[in-house]
There are 2 protein chains.
Amino acid sequence: MTPEQQGSAPTLEQVAKAAGVSRSTVSRVINDSPKVTPEALAAVRQAIEELGYVPNRAARILASRRTQSIALVIPENTARFFADPYFATVVQGIAMYLSDTDYTLSLLIAAEKDGEKTRRYLQAGNVDGALILSHHSDDRSYTQLARSIPVVFGGRPMSQEGSEAYYIDVDNVEAARNVTRRLIENGRRRIATIAGPADMSAGLDRLEGWRQALDAAGIPTHLVEHGDFSPAGGEAAMRRLLERGEEIDGVFAASSLMAQGALNVLRSHGRSVPHDLGLVTFDNDYAAQSSSPPLTTIEQPTVEQGRRMVDVLLHLIDGGTVSQITMMPTRVIERGSE
Amino acid sequence: MTPEQQGSAPTLEQVAKAAGVSRSTVSRVINDSPKVTPEALAAVRQAIEELGYVPNRAARILASRRTQSIALVIPENTARFFADPYFATVVQGIAMYLSDTDYTLSLLIAAEKDGEKTRRYLQAGNVDGALILSHHSDDRSYTQLARSIPVVFGGRPMSQEGSEAYYIDVDNVEAARNVTRRLIENGRRRIATIAGPADMSAGLDRLEGWRQALDAAGIPTHLVEHGDFSPAGGEAAMRRLLERGEEIDGVFAASSLMAQGALNVLRSHGRSVPHDLGLVTFDNDYAAQSSSPPLTTIEQPTVEQGRRMVDVLLHLIDGGTVSQITMMPTRVIERGSE
DNA sequence: TTGAAAGCGCTAACAG
DNA sequence: CTGTTAGCGCTTTCAA
């Protein structure tokens with residue numbers, strides 16, 4: 001045990017001394033520079049090993065001007081965010097992919113009141129890039145942020161500047177149209193939708209898909225109630241739909257969580273699916289798979305979406321060229337609930 | 001618009017110049033030092049405001065040897081982790097509390113293969129402290145880590161060294177005993193349990209609580225099957241329980257997610273709750289509230305648990321004295337499913 | 001109370 | 001391929 005091993009962490013300088021080389025050489029080894037002789041390399045590696053040396057992150061960042069860390073910005077309502085299997089799995093994709101790299105993930109909660117604080121932090125060069133998830137129409141500040149640092153969105157951003165944004169998404173319009181069509185093919189003619197928030201692109205697009213499917217079949221499209229993608233929101237929307245007193249024989253709920261809420265309300269009203277009315281939804285999570293009845297739904301590659309977000313961001317950080325829009329495939333999962 | 005505003009972020013030096021003071025004084029203002037005259041303070045504040053100055057994190061860390069960031073270590077299986085409302089809400093508590101402080105949250109995925117990598121990162125002084133969640137019996141390395149930096153566990157750690165660990169928990173034994181007792185009070189006499197993993201304290205403790213309740217009533221305790229706290233795990237366990245061919249009139253599922261899986265299996269076997277058998281569980285999440293039937297369960301303050309974890313950790317970092325064990329209250333929520 | 005000066009541990013030209 | 005030399009932007013004694 002060398003004396004240096006005591007106390008605090010060993011420095012690069014100590015490694016250099018132990019290996020009998022200069023600090024630069026140690027630095028080169030750490031950074032995988034090819035310009036190091038095998039002997040020097042071996043000596044340094046051994047010294048590093050023996051001393052249990054780990055580079056000081058802050059010093060590296062300061063000297064190199066690269067933070068090797070990226071931010072994951074999520075909305076203030078962390079509760080609902082993580083409670084949604086969709087976001088949970090996207091985050092999983094992000095985290096897993098990142099753990100294979102040297103990048104570190106910083107979780108940033110965007111307080112609605114002062115998004116200012118968040119934006120400043122990001123602009124101050126504390127991260128190499130940012131991932132924005134579940135943004136509403138007030139995502140303007142983030143699309144602008146993209147001028148300072150690389151930014152990748154999960155889902156198409158709403159604001160105008162979004163036309164220059166990089167994002168990963170699925171074709172929500174097409175997917176919603178496809179799954180709604182199942183209801184129609186099954187003879188449903190009075191079809192409602194529990195739409196997502198009107199200030200989120202996924203909400204709007206799925207609503208549009210539903211509308212397109214109905215229009216194509218000459219079915220009226222006035223049976224719309226919005227929810228917030230949560231079970232409670234789905235319950236409330238379904239209740240409002242029933243209170244309208246109109247006949248309804250089919251419902252497209254824009255998220256599996258909302259479908260669960262709707263299912264509960266229907267059940268308590270003694271209306272059975274798919275006997276009395278058809279119910280289809282979006283997201284192939286556990287709830288959709290095992291509710292009774294299991295729900296016909298849209299499957300989207302959520303984990304993969306997270307992976308791709310990171311992928312695009314890292315390319316951007318490296319100054320590479322990537323396509324602005326990455327569309328992931330979806331497919332209808334038939335379960336007979338329509 | 002001053003020329004400095006162009007290009008990259010302003011530095012402390014620029015603020016000093018603009019305010020007509022030295023860098024030291026600016027630094028003092030940033031760090032809330034009391035030794036600054038009101039005039040100097042005002043001048044600096046204004047300069048900071050005008051320039052939109054944000055301190056460079058890396059430089060601060062390097063100079064002060066405090067990282068102002070803490071790590072949240074979660075298990076490799078990020079998918080299941082976030083899919084569980086329990087963890088999701090604990091993380092919420094952590095994130096929300098932290099966003100009120102100057103600390104930054106780093107998400108660390110503990111690869112099971114080389115937890116070595118994770119541990120080194122933590123020991124290299126990259127964070128001021130760590131929060132460990134959902135650890136199995138192999139949490140030895142983390143309890144040892146506590147010798148190098150402050151560490152707080154969510155849930156009692158399993159390993160021996162755990163006796164010196166700081167942790168936030170609920171009395172799982174008592175809670176499980178209480179909810180199981182409802183089954184007994186309702187006349188159930190052949191009571192099974194879908195227990196959690198045998199390498200997690202929450203799994204073992206809840207099993208023990210179930211056992212105590214049964215022992216007290218003179219009911220045999222051989223009807224045990226383990227799950228992994230997930231819906232799929234609950235399904236499999238319930239299936240194994242039924243395959244035993246023994247009569248069962250009550251089940252305590254150690255997590256709400258497992259209860260949902262069990263409910264699905266029971267339903268497909270034509271056995272109704274609570275008519276044919278009683279079912280009680282743990283966690284008062286949406287699933288437990290709105291499954292059919294809604295489930296009698298244990299409510300625990302999850303968000304608050306996250307908050308307290310951070311609270312204890314920050315106290316530890318500040319060198320303060322905190323009690324090692326923080327127990328949070330639980331209560332039984334009656335819903336008639338027993 | 002304030003400023004000057006000396007680093008924190010590392011990277012990045014540059015010359016050799 | 002290697003070592004020397006300057007900093008990166010901030011904190012922190014120490015004098016003044």
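Quick caveat: nothing in here was measured; it's all calculated off a predicted structure. Letters A, B, ... are given to chains in the order of the sequence lines, protein chains preceding strands, and every chain is numbered from 1.
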Considering only distance and modelled atom types, tabulate donor-acceptor pairs under 3.5 Å from the side chains of residues 306-314 of chain B, sequence neighbours left out.
residue	atom	partner	partner atom	Å
B:D311	OD1	B:Y97	OH	2.8

Next on the checklist: If you count heavy atoms of other groups shown closer than 6.0 angstrom to CG of A:D102, is the number above 12?
Outcome noted: no
Checklist entry - Rounded to whole angstrom units, what separation is found between the CD1 atom of B:I48 and the C1' atom of D:dC10? => result 13 Å
Item to check | Touch class at under 4.0 angstrom, heavy-atom based, for B:A40 against every strand present | outcome: sugar-phosphate
Checklist entry - Which nucleotides of nucleotides 10-16 of chain C have their base under 4.0 Å from a protein heavy atom (B), which only their sugar-phosphate (S), and which neither (-), written as one string 5' to 3'? => result BBBB---
Item to check | Rounded distance [0.5 Å steps], CG in B:L98 versus CD1 in A:I109 | outcome: 9.0 Å
Next on the checklist: Based on the rotation axes of five pairs at each end, what angle does the helix from C:dT1-D:dA16 to C:dG16-D:dC1 bend through, to 10°?
Outcome noted: 30°
Checklist entry - Looking at CZ of A:R119 and CG of A:L108, how far apart are the two atoms once the value is rounded to the nearest 0.5 Å? => result 13.0 Å
Next on the checklist: Rounded at 0.5 Å granularity, tell me how far CD1 in B:I317 sits from CD1 in B:I70.
Outcome noted: 6.0 Å
Next on the checklist: I want to check one thing: is the phosphate of D:dC1, taken as OP1 and OP2, less than 4.0 Å away from some side-chain N or O of A:T25?
Outcome noted: no
Checklist entry - Looking only at atom types and distance, does a side-chain atom of B:S148 sit under 3.5 Å from a main-chain N or O of B:Q123, one as donor and one as acceptor? => result no
Checklist entry - Is it true that the side chains of A:Y166 and A:Q324 contain a donor and an acceptor less than 3.5 Å apart? => result no
Checklist entry - Hey, are B:S106 and A:T104 close enough side-chain-wise for a donor-acceptor pair under 3.5 Å? => result no
Checklist entry - For the pair made of CG in B:L62 and P in C:dA6, what is the distance, rounded to whole Å? => result 18 Å
